[in-house]
Number of protein chains: 2
Amino acid sequence: MIKKLALLTCAASLAAFPLAAQEPAKPEYPSPPEIVAKAKADEWVAIAPSDLMVMDLAPLGNKPRRVVIQLMPAPFSQGWVGNMRKLAAAKFWDGTSVNRVQDNYVVQWGDATEKKALPNTLKAVAESEYVTAFKIGMTNQAWGVGGKREAVMELLPRPPMGDNIPHFEDPYTRSFSFIKGFPIAMTSVSDYVRQGSAPVSLKLMNFPKELWPTHCYAMVGVGRNLSPDTGTGAELYTVIGHAPRHLDRNIALVGRVIEGIEHLSSLPRGTGALGFYETEAERVPILSVRIGKDAAELPAYEHLSTESASFAAYADARANRRDPFFILPAGGADICNIPVPVRRKAQ
Amino acid sequence: MIKKLALLTCAASLAAFPLAAQEPAKPEYPSPPEIVAKAKADEWVAIAPSDLMVMDLAPLGNKPRRVVIQLMPAPFSQGWVGNMRKLAAAKFWDGTSVNRVQDNYVVQWGDATEKKALPNTLKAVAESEYVTAFKIGMTNQAWGVGGKREAVMELLPRPPMGDNIPHFEDPYTRSFSFIKGFPIAMTSVSDYVRQGSAPVSLKLMNFPKELWPTHCYAMVGVGRNLSPDTGTGAELYTVIGHAPRHLDRNIALVGRVIEGIEHLSSLPRGTGALGFYETEAERVPILSVRIGKDAAELPAYEHLSTESASFAAYADARANRRDPFFILPAGGADICNIPVPVRRKAQ
């Protein structure tokens with residue numbers, strides 16, 4: 001069995017969802033799951049049922065298939081999220097289906113007929129809402145980070161190395177962080193200074209300027225037509241492969257799947273162009289979609305506060321694996337390889 | 001239908017395998033698939049059947065399930081690849097099974113009983129083989145890059161931007177490239193110079209120093225016990241989620257799935273610890289594994305030369321999407337978001 005246990009040791013590292021198995025590790029170098037397991041009770045943040053969207057697919061045999069989505073928190077993407085609340089309240093998705101499964105890309109659902117009437121209260125959201133401008137002088141409270149300024153800046157510790165290899169760099173953006181439990185990319189004021197705008201004090205140089213959520217595994221986005229259309233939120237997809245970060249700032253992200261992603265990611269791939277199912281029979285019926293407060297038998301969920309000391313230690317351990325399986329810590333990690341821990345709240 | 005076509009437009013971008021649908025694009029800004037479709041015949045490199053490994057799973061209903069793996073080319077991981085050739089010749093995997101499917105991580109296969117005898121000709125490979133040292137003075141021919149020195153250096157063009165935002169950086173390594181059709185990370189001589197070793201000429205500063213393949217989607221690796229064991233190659237896995245780059249240089253990579261990944265990635269997730277199937281009934285039987293030259297009815301495959309002009313244009317387009325769906329090109333891409341195009345050779 002040791003061969004299994006060994007590869008398991010590394011395998012546990014990517015578990016983004018509840019109930020991840022724990023593996024043994026040297027006490028001085030706990031693994032990421034061990035750090036999460038030892039986080040204090042007050043480092044966990046309850047996710048309000050009103051911020052969840054619950055999608056029940058038709059059962060597979062006698063097995064229920066429930067997908068739980070945490071909606072994107074303010075100030076990100078709130079125009080689309082508001083539309084989704086209206087669509088769920090109107091039971092728009094009941095009787096629609098999962099229509100597309102493209103390997104290493106997305107699973108998409110909505111009204112395959114494209115004839116179902118949308119509520120007339122939906123808002124047309126502007127492309128400018130793909131990013132959130134950070135206004136200098138904005139209080140930290142506005143970001144819900146408990147007054148900790150660092151929390152909206154680059155969170156990850158620089159690796160303790162003597163060289164100047166740029167670890168934690170990202171090919172898609174200046175830097176990244178985690179805000180209210182979500183992965184957030186950003187440009188910073190210093191980028192604009194370099195581009196020739198007015199000088200600012202060093203103190204402000206690293207302030208974020210524009211922020212946006214990133215296309216990581218299990219994130220949920222809004223299908224749309226060609227620009228300037230931005231989609232209503234009625235047609236949704238989730239990422240089931242390597243992070244398609246080129247979509248960042250080009251499509252709205254409105255949440256992420258926190259439980260049940262396997263009911264989508266393990267569906268048969270569509271054989272039509274781009275993974276669309278070619279027949280009605282292949283489509284997976286959606287029985288209902290409800291906001292969490294209106295969903296039956298929904299447990300309570302919580303996420304590890306991304307402003308907590310345990311999250312910082314977890315992120316560091318994700319970037320520098322020192323538990324027994326590993327020979328060489330990477331010395332860095334990309335934003336989508338630091339999944340925010342989410343779990344069912346203990347009863 | 002336009003809503004479908006629109007999200008499709010972006011969706012096509014991740015197609016790593018043959019038969020990807022083409023989408024319309026402005027002629028002046030072809031999409032990545034269009035660039036690939038227009039590549040010249042001599043920019044494609046035939047993959048020898050002797051460098052393929054073909055795994056036939058038990059059919060699903062009456063549908064055959066074949067997975068085709070391209071073995072890692074020299075000089076990378078050849079100790080393990082040699083073992084795999086011996087294991088296939090000995091029909092070791094016939095009658096074994098897929099035993100583990102962990103969401104957003106790996107599918108693993110091999111002998112679930114761990115009692116099957118291994119050929120006594122297998123080689124124990126040293127951990128030092130996880131990386132390949134680049135010896136200064138080594139000829140480019142040794143790398144099989146046709147004498148083009150640039151091909152083993154950072155291939156991707158720097159974005160044509162006036163600022164100094166570090167695009168194409170990578171949180172896991174100094175730089176990356178593509179060699180013989182595979183994604184390869186590297187440190188460079190200049191990193192060692194910074195660390196205080198002897199000065200070298202500027203001409204040599206950017207020469208690669210150590211190179212290693214990276215854990216991208218569909219890459220195939222070798223399960224192992226705790227260090228110093230490196231695995232024989234009898235227990236294999238493939239990546240079915242976001243690139244677990246922290247495994248780079250910690251586990252051997254021996255190839256990648258070039259066709260049929262969906263037969264693995266869409267399997268039901270295991271409910272045991274770390275995605276292991278808990279019952280014999282869940283395991284997916286492997287009928288046979290053969291080196292391509294010994295496999296029945298195997299078509300010819302080819303990959304786009306990663307040293308070709310079309311690949312450079314494709315990589316640039318992956319990093320800077322300008323086709324009609326996109327509003328804002330990313331200005332960068334990570335190594336695993338530039339999948340090397342592979343296709344069946346036209347008859």
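A, B, ... follow the sequence lines: proteins, then strands. Residue 1 opens every chain. These numbers come from the heavy atoms of this one structure, side chains and all, not from hydrogens, waters or symmetry mates.
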ring-ring contact (aromatic ring centres under 6.0 Å, His included) filter on B:Tyr277, not counting sequence neighbours, yields none
Is the closest basic N to carboxylate O distance between A:Arg224 and A:Asp229 below 4.0 Å?
-> no
Of the listed B:Pro329, B:Gly275, B:Gly272, B:Ser266, the one with the largest count of heavy-atom pairs under 4.5 Å with chain A is B:Ser266
Which portion of B:Ser227 sits near chain A, non-hydrogen atoms under 4.5 angstrom = side chain
Among A:Cys216, A:Gly221, A:Pro228, A:Ser265, residue most engaged with chain B (heavy-atom pairs, under 4.5 Å) | A:Ser265
Side chain / backbone / both / neither for A:Leu267 at chain B, heavy atoms under 4.5 Å | backbone
Would you call A:Val98 and A:Arg283 a side-chain contact if the rule is heavy atoms closer than 4.5 Å?
-> no
Show the numbers, then the answer: is there a salt bridge (Lys or Arg N to Asp or Glu O under 4.0 Å) between B:Asp316 and B:Arg321?
-> CA-CA 8 Å; B:Asp316 176 68; B:Arg321 296 298 298 262; over 6 Å; no
